Amino acid sequence: MSILFALVLAAFVGVPERQPIVSFTNRTERHWRCDHGYMYPPMPASITMIADVKIESLPTERCGTIFGRRGWHNRLILLPDGQLDWGCFAWDGKRSANVRSKTRLEAGKRYRLAGVLDCSHGNETRLRLYVNGIEDGESRAFEGAPWNYPWAVEVGQIGKDRDGALIDPSDCLFTNFWYYYKPLTEKEIKAL
């Protein structure tokens with residue numbers, strides 16, 4: 001009976017019908033890592049990453065990582081001017097794409113940030129970026145599928161260098177993080 005109620009409730013309020021692949025909720029993290037294996041299943045799949053975050057300060061020189069995988073793409077970064085950048089590589093490793101936010105984030109404020117990599121439109125990949133549940137940027141990235149990233153999912157950093165120092169850490173406090181194998185809609189992102 002409770003499973004039926006959960007399905008009806010999910011359909012009514014727009015909660016994503018699938019559970020997140022990895023997540024943490026209602027706890028405070030500065031830097032978090034989940035050794036998850038391949039980010040995509042054997043065939044190209046859409047993903048959505050969402051974080052509830054308080055920006056303590058903007059980066060001063062380089063970017064600060066909000067979430068993603070180790071490397072320069074398939075991660076959401078905070079730039080020194082407060083803009084966000086969400087990007088990925090194509091399957092062939094030769095092409096890449098990104099989308100920048102129109103909104104400039106401010107230190108001391110809380111946000112719900114989401115990056116969607118959408119492969120559900122035939123033979124193309126699209127990128128969408130959300131700030132506080134509202135679409136803030138979109139890009140038709142490229143024809144074909146995204147790169148099949150085999151690294152861990154990371155929040156607030158993008159790995160460590162040889163000396164053990166965090167690479168591109170952000171000065172943020174994270175209270176929730178979700179990672180889905182589907183392109184969540186604006187309504188679903190707001191409903192979490």
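Just so it is clear, the model here is predicted, and its values are computed rather than measured.
When the side chains of ILVMFWY residues are joined at heavy-atom separations under 4.5 Å, either directly or via intervening members, V155 and Y181 end up in a single hydrophobic cluster. Cluster membership check: L129 shares its hydrophobic cluster with L58, using side-chain heavy-atom separations under 4.5 Å among Ile, Leu, Val, Met, Phe, Trp and Tyr. V131 and L117 fall within a single hydrophobic cluster, where Ile, Leu, Val, Met, Phe, Trp and Tyr are joined by side-chain heavy atoms under 4.5 Å apart, directly or via other members. Each of L166 and L173 belongs to its own hydrophobic cluster when Ile, Leu, Val, Met, Phe, Trp and Tyr are linked at side-chain heavy-atom distances under 4.5 angstrom.
The CG atom of L184 sits 6.0 Å away from the CG atom of L192 when rounded to the nearest 0.5 Å. In this structure, CD1 in I158 is found 11.0 Å from CD1 in I66, a value given to the nearest 0.5 Å. For the atom pair CG (D136) and NZ (K102), the distance works out to 5.5 Å, reported to the nearest 0.5 Å. The structure places CG of L113 at 11.5 Å from CH2 of W86, a figure rounded to the nearest 0.5 Å. D85 contributes atom CG, which lies 4.0 Å from atom CG of N98 (distance to the nearest 0.5 angstrom). Between the OG atom in S170 and the CG atom in L78 there is a gap of 7.5 Å [rounded to 0.5 Å].
Classification of the F177-F67 ring pair by plane angle, with boundaries at 30° and 60°, yields tilted.
In R140, the CZ atom is crowded: over 12 heavy atoms of neighbouring residues, nucleotides or ligands sit closer than 6.0 Å.
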| said: Please determine whether side-chain contact (heavy atoms from CB on, under 4.5 Å) holds for the pair V99 and L84, giving the CA-CA distance in whole Å, both sets of side-chain angles, and the decisive distance to 0.1 Å. | reply: CA-CA 8 Å; V99 60; L84 295 166; over 6 Å; no
| Taking it one step at a time, do L127 and V116 satisfy side-chain contact (heavy atoms from CB on, under 4.5 Å)? | CA-CA 6 Å; L127 297 171; V116 177; over 6 Å; no
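With T48 contributing its side chain and K182 its backbone, the two residues share a donor-acceptor pair below 3.5 Å. Side chain of S57 to main chain of A107: no donor-acceptor pair is present (N/O by atom type, distance under 3.5 Å, no hydrogens or angles). No donor-acceptor distance shorter than 3.5 angstrom exists from the side chain of D163 to the backbone of A165, with no hydrogens or angles considered. At distances below 3.5 Å, at least one donor-acceptor pair connects side-chain atoms of S46 with backbone N or O atoms of C119. Side-chain atoms of E135 do not come within 3.5 Å of backbone N or O of E186 as any donor-acceptor pair.
The residue from K160, R30, R75, R33 that alone fulfils the salt bridge (Lys or Arg N to Asp or Glu O under 4.0 Å) condition with E154 is R33.
I50 has its side chain out of reach of Y130: every pair of non-hydrogen atoms, C-beta onward, lies at least 4.5 Å apart.
Contact record, R128 with P183: NH2-CB, 4.1 Å, taken as the closest heavy-atom pair.
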